[in-house]
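Note that these values count all heavy atoms, side chains included, but never hydrogens, waters or copies made by symmetry. Just so it is clear: chains get the letters A, B, ... in the order the sequence lines come, proteins before strands, and each one is counted from 1.
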Amino acid sequence: MSLPQPLKSVYALADANSFYASCEKVFRPELEGKPVVVLSNNDGCVIAQSKEAKAALALYMCRPWFEVKEAAEKIGTIAFSSNYELYGAMSNRFVQTLRHFSPRVEVYSIDESFMDMTGLRRDLSVYGHEIKHTVRQWTGLPICIGFGHSKTLAKLANHCAKKQPGWDGVCDLTSLSVPELDHLLASLEISTVWGVGKRLERRLHAVGVTNVLRLKHADPKRIRDKFGVLLERTVRELNGEVWLELDQMVPEANQVMSSRSFGHRLDSLTDLQAAISFHAGNAAERMRKKGLYANAVYVFIQNSPHDEAPYYCGQQMIALPSPTNSTQQITKAALWLLNKVYQPGVYYLKGGVMLMELVAEGGQQRELFGFSQQDSKNHRLMGMIDKVNAKYGRGTVKTAAEGVRQDWQMRRVLKSPGYLHQWKDLLKVR
DNA sequence: TCTGGGGTCCTAGGACCC
DNA sequence: TCTGGGGTCCTAGGACCC
């Protein structure tokens, strides 16, 4: 008599191809087949490329746009500033579509989600193609899907689906025999494994671990001693053990950061005050959305390490007397910190505010920086400000310190319209 | 002229305690 | 003169991710 086998876990990872570039193409169908790139904030670096751009400009990823612009435009590349509101809205549609195919979905990043496929009595490859087709129809996004017995293996499968043409965008590692799987793993570089970056790759090569199969067969205990618990877990996951569970709960953030390069160098305290106030308000609003309160505020300002002048990064943190989510209190604390780290004569390029040690409950307000408003009053005020800003756009209501002219704001001259979140831009859909 | 932003987790080492 | 060993907490920095 044989005992019933416990179900082996199966995970899928669905990942949109060249996500930002694909989002732009959805609303500009005439760009199909043309090279498209999306630039980072301030139109600084290339952060996404369509496959046509990749083919022609492979080496341009993460390079400064001013260096590659001429060559890119010569081959007819269309460039966009990043439009995060649009990408966020597209990401939501993508996830909603995936939920039709699995009851358990973990949103891992803006363009990637894990799905639990354990116990599904279907040919996974066929099912994967069905998902891929539906996402394309419902959202316009091209995606790839990988299946594996652990999240690390699903991630690796997704890599194969994307990079190896034979899979047609869907790779199911669970259907391979052990020799077939090992043959495939032996052909993959270890940096393709989730959690192995440049440094670890170099150190692993030095001890003879040169491909994924060798990493899979490495002794977990020795890996732990030499490389730490994270890599040990990775080795076990490569062997099909589940060490990373599907995490459907969005983890409560421990910190919220708002920072950005300025549109141009700033040296006056007044300009910096406006920028830091903006970031304080922005971070506070994002924190309130998560229902959290901050115990500490951190501020930094720095010039560019690429400048000739010596690199300066002023940074300071202050613990608050009690947890708060009030924009005014956080802004006051941030401006107080700014005063402490500001040094005249430095041409600052970047700065920001981080709210730290976040907790779910606010506390009794005590005196700090002369704060004196009552809790409930503050709560109502914050709620109202957030509502107005959500309806009419961020910045409709803001603290006076943010200033009216925002010269320090980043440049986004190539930004596409807000097709999905701004009524005024709806008619721009072609 | 122009070089992203936002996170998480782990580790090593120092300070301090008994 | 001689100066142990074990524990905790905190911080800075490293490494990784998208």
Of the nucleotides [options], which has the atom closest to the [X] side chain?
| X | options | value |
| --- | --- | --- |
| A/Arg286 | B/dG7, B/dC2, B/dG5 | B/dG7 |
| A/Gln255 | B/dT8, B/dC2, B/dG4 | B/dT8 |
| A/Leu230 | B/dG6, B/dT3, B/dC9 | B/dC9 |
| A/Lys155 | B/dG6, C/dC18, B/dT3 | C/dC18 |

With sugar-phosphate meaning primed atoms plus P, OP1 and OP2, does [X] contact a base, only sugar-phosphate, or nothing at under 4.0 Å between heavy atoms?
| X | answer |
| --- | --- |
| A/Lys69 | nothing |
| A/Leu349 | sugar-phosphate |
| A/Ser304 | nothing |
| A/Arg202 | nothing |
| A/Val193 | sugar-phosphate |
| A/Glu112 | sugar-phosphate |

Integer-rounded Å distance: [N] [atom2] and [X] [atom1]:
| X | N | atom1 | atom2 | value |
| --- | --- | --- | --- | --- |
| A/Lys151 | C/dC18 | NZ | P | 13 Å |
| A/Asn158 | C/dC18 | CG | P | 10 Å |
| A/Glu85 | B/dG5 | CD | P | 15 Å |
| A/Trp65 | B/dG4 | CH2 | P | 16 Å |
| A/Asp15 | C/dC18 | CG | C1' | 10 Å |
| A/Leu13 | C/dC18 | CG | C1' | 12 Å |
| A/Lys226 | B/dC10 | NZ | C1' | 19 Å |

Quick check for you: to the nearest 0.5 Å, what is the distance between A/Ile276 atom CD1 and A/Ser259 atom OG?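 A/Ile276 CD1 to A/Ser259 OG: 9.0 Å, rounded to 0.5 Å.
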
Kindly check if the number of other-residue, nucleotide or ligand heavy atoms within 6.0 Å of OH (A/Tyr347) is above 12?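 Counting neighbours around OH of A/Tyr347, 12 or fewer heavy atoms of other residues, nucleotides or ligands fall under 6.0 Å, so no.
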
Check the interface with nucleotides 11-15 of chain C: list each N/O to N/O pair with the protein under 3.5 Å, or write none.
unit_1, atom_1, unit_2, atom_2, d
C/dA15, OP2, A/Arg199, NH1, 2.9

Backbone N or O of A/Thr327 within a donor-acceptor pair of the A/Thr331 side chain at under 3.5 Å?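 Confirmed, A/Thr331 side chain pairs with A/Thr327 backbone.
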
Just by distance, do the side chain of A/Asp271 and the backbone of A/Asp267 share a donor-acceptor pair under 3.5 Å?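 No, A/Asp271 side chain to A/Asp267 backbone: no donor-acceptor pair under 3.5 Å.
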
Side chains of A/Ile145 and A/Phe147: does their closest heavy-atom pair fall under 4.5 Å?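 With C-beta onward as the side chain, the pair touches.
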
Sole residue of A/Arg236, A/Arg233, A/Glu237 in side-chain hydrogen bond (donor to acceptor under 3.5 Å, both in side chains) with A/Thr152: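 With A/Thr152 as partner, A/Arg236, A/Arg233, A/Glu237 yield a single side-chain hydrogen bond (donor to acceptor under 3.5 Å, both in side chains), made by A/Glu237.
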
Taking A/Glu24 first and then A/Arg28, would you say they form a salt bridge - that is, a charged N and a carboxylate O separated by under 4.0 Å?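 Salt bridge absent between A/Glu24 and A/Arg28.
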
Considering only the C1' atoms, how many Å lie between B/dC16 and C/dG4, rounded to the nearest integer?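 One C1' to the other, the span is 16 Å.
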
Could you go step by step and tell me if A/Tyr11 and A/Trp194 meet the ring-ring contact (aromatic ring centres under 6.0 Å, His included) rule? CA-CA 15 Å; A/Tyr11 296 100; A/Trp194 192 26; over 10 Å; no

